Protein chains: 2
Amino acid sequence: MNEKSFLAAYNRADYTSPLLSVDAVLFTYHDGLIKVLLVHRSSHPDKGKWALPGGFVDEALDRNLDDTIHRKLQEKTGVGTAYLDQLGSFGGSKRDKRGWSVTVVYTAMVAHQACASLVDTVDDVRWVALEELDSLKLAFDHAQILAAARQRLRQKALYSIIPAYTLNERFTLPELQAVHEVILEKPLQKKSFRRRIELAELLIDTGEKQSEGGRPASLYRLKPDASTYTFVRNLES
Amino acid sequence: MNEKSFLAAYNRADYTSPLLSVDAVLFTYHDGLIKVLLVHRSSHPDKGKWALPGGFVDEALDRNLDDTIHRKLQEKTGVGTAYLDQLGSFGGSKRDKRGWSVTVVYTAMVAHQACASLVDTVDDVRWVALEELDSLKLAFDHAQILAAARQRLRQKALYSIIPAYTLNERFTLPELQAVHEVILEKPLQKKSFRRRIELAELLIDTGEKQSEGGRPASLYRLKPDASTYTFVRNLES
DNA sequence: GCAATAGTGTCTCTCAGACAATATTGG
DNA sequence: CCAATATTGTCTGAGAGACACTATTGC
C-alpha cells in the first residue's frame, strides 16, 4: 500500500486521542505585585472555579500552537502579548474529569496598562496577585501549573531581563529592579543591577524622564533581541 | 445542570481533537560523539524515513505523559533512561499528513553500554551521530525538533552536569570533560572544569581507578540530586 | 628513562555584592 | 535648604580562563 491510499483510508475518528487544550500563565506587574490573569469558569467541568486563560485548538483558524494561544489571549485581554514562551505540557488521566487530557501551557507577559481597559470591564476575567492564589479555588491542575510557572519566572529573573515585559514599553531602571525584587522576594543591589544591564546593552535610552517625587529617572525601551539574551552569571538566588 | 449530569452527557467522540503523540530525543555518548536514537518507520505516513522514538498515549496503561514516554523508551532500548526532561510540544496542521497534530517531546539520556545489547540486535533502531543527521531523511518535523533538542543540550552543558547521564554510572572526569567539549564544540580548560565540579560537590569518588594508557583516572558516580544543580556562573559559550 | 594520560598551582580577569557618596528634582 | 529618589565610585570576593607544572601509570 502506498502512502496516498493509506491516507485516503485513514480516519481520525477511528482513534481516540486525549483531549488537548492550550493554556497560558499571563504575568503582569501592578501596584508592587506580580499578578496572573485568571478566568472564572462559567461552564462544566469545574464550573465556578478560577482557571488559566486558554482553550481548544481551532483547526480551521490555527496553523500551530502559537496561533492558538495568541488567539485565546487576544480574546481575553484585547491586545497581543509582549512576550510568549512555552512552559511545558501537563497530561494525565485524572486532571480533567472528562477523561485523559493534555494541556500545552505557555508563560506570557504583558503590561498591566495595555489591557486594563478590557479586563476592568468584564467580570469573569481578573488579575490575581501571586500571594492571593492560595485563597482561590482553582480548576483542574492549574494550581500545580501555576507553581511551575512561578518557578520558571523566578529563573528568568535570575538570568535574563525578560521580566521587563511585564512593564510598559517605556520603563525606568528602578521600576525594573522592583519587578525583579518582587519575583525573587529579596532586595537587590542597585549598583549591580544597573551595571549588568548596562554592560549587556539591552536597553535603549529614550532620552525622556519620569518623575516619582525625587530625581527623575530615565525612561528606557527594550532592544528587539533583549528576550534572547542570557547573562553568563546569575544573580544570587 | 450539575456537573454529574454534564459529565454523563459528555461524549469525547463528539469533539475532534488534534492527534497527540509523545516522542523523545534520546542522547548518548559513544566513540567521541554525541548520538541520538532513531527508529526506522515501517508504516505510513513517512514510511521508510527515520523518526524519533515515541508513540501514542495508552489510556489504560499510562497515568500521565511521563509514563507514556518511559514505556516507549523502555520498548526501544530495553532499559529505563537515566535522565528525562520535557523539551516542549510541537503542534500544527502541516507537520503530520494525517491532520492537525501535536507531539510532546522529551529529551532523555542513557549510557550507550546500558542499551547496546538490545539496540545492536534490531535493525530498525540505531544510534545516529549528530554530525550524520543532515544526511538522513527524517520523518515529520523531526529535524526541527532535533535542532531544538541540540540547542537545549548545549545550554545544559553550559550550566549543569546533566550531560554526565550520557555516560556509564561510573565515569572519570576526563570522560565527562570530553562529553562537554563535544557538545559545546570547543575545548575546555581542565583546571576550570574540575574546579567547578569539585566545588559544587556533585560527585562521589568511588575510590576505583580506570586506566587509559597513562596515569589511571578516578572513577566517580553522580550524587542523586546532581540533575537539579545549576552553576551560578556558566561556561563561556 | 620516555610517552601518555591525570591532576595541581597560581595568576589574571570579569562581574556580582556591599555600601557610601553624589546628583537632580520638587517643595 | 531639605526630603526623596536616581545614579555613580569603588572596594571586595567568587569563580572562570590560561597555562605551566607535577604525578602516576605502562613500556
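Numbers restart at 1 for each chain; the letters A, B, ... are given by sequence-line order, proteins then strands. All values reported here derive from a predicted model rather than from experimental measurement.
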What's B:Ser218 touching, base or sugar-phosphate or nothing? Going by heavy atoms closer than 4.0 Å.
sugar-phosphate
Which nucleotides of nucleotides 10-18 of chain D have their base under 4.0 Å from a protein heavy atom (B), which only their sugar-phosphate (S), and which neither (-), written as one string 5' to 3'?
B--BBBBBB
Could you check how far [atom1] of [X] sits from [atom2] of [N], rounded to whole Å?
| X | N | atom1 | atom2 | value |
| --- | --- | --- | --- | --- |
| B:Arg194 | D:dC19 | CZ | P | 19 Å |
| A:Gln210 | D:dT5 | CD | P | 13 Å |
| B:Lys190 | D:dA20 | NZ | C1' | 10 Å |
| A:Ile197 | C:dA16 | CD1 | P | 10 Å |
| B:Glu175 | C:dT5 | CD | P | 13 Å |
| B:Leu176 | C:dT5 | CG | C1' | 17 Å |
| A:Gln177 | D:dT7 | CD | C1' | 11 Å |

Identify, with sequence neighbours excluded, every residue that meets salt bridge (charged side-chain N to carboxylate O under 4.0 Å, His left out) alongside A:Arg126.
A:Glu132
Of all residues at least two apart in sequence or in a different chain, which pass the salt bridge (charged side-chain N to carboxylate O under 4.0 Å, His left out) check with B:Glu75?
B:Arg71, B:Lys72
Provide a list of protein-nucleic acid N or O atom pairs under 3.5 angstrom, restricted to nucleotides 24-27 of chain C.
from	atom 1	to	atom 2	distance (Å)
C:dT24	O4'	A:Arg215	NE	3.3

When you measure from the centre of the six-membered ring of B:Phe231, is the NZ or CZ of B:Arg196 closer than 6.0 Å and no more than 45° off the axis?
yes
Are any side-chain N or O atoms of A:Glu198 and backbone N or O atoms of A:Arg195, one a donor and one an acceptor, separated by less than 3.5 Å?
no
Does any N or O in the side chain of A:Gln86 come within less than 3.5 Å of the main-chain N or O of A:Tyr106, such that one atom is a donor and the other an acceptor?
no
Suppose we screen for ring-ring contact (aromatic ring centres under 6.0 Å, His included). Which residues come up paired with B:Tyr165, at least two apart in sequence or across chains?
B:Tyr83
For B:His180, the ring-ring contact (aromatic ring centres under 6.0 Å, His included) test, sequence neighbours excluded, returns B:Phe193
For A:Ala108 against A:Thr81, the heavy-atom pair lying closest together:
CB-CG2, 4.2 Å
Other residues, nucleotides and ligands only: do more than 12 of their heavy atoms fall within 6.0 Å of NZ on A:Lys223?
yes
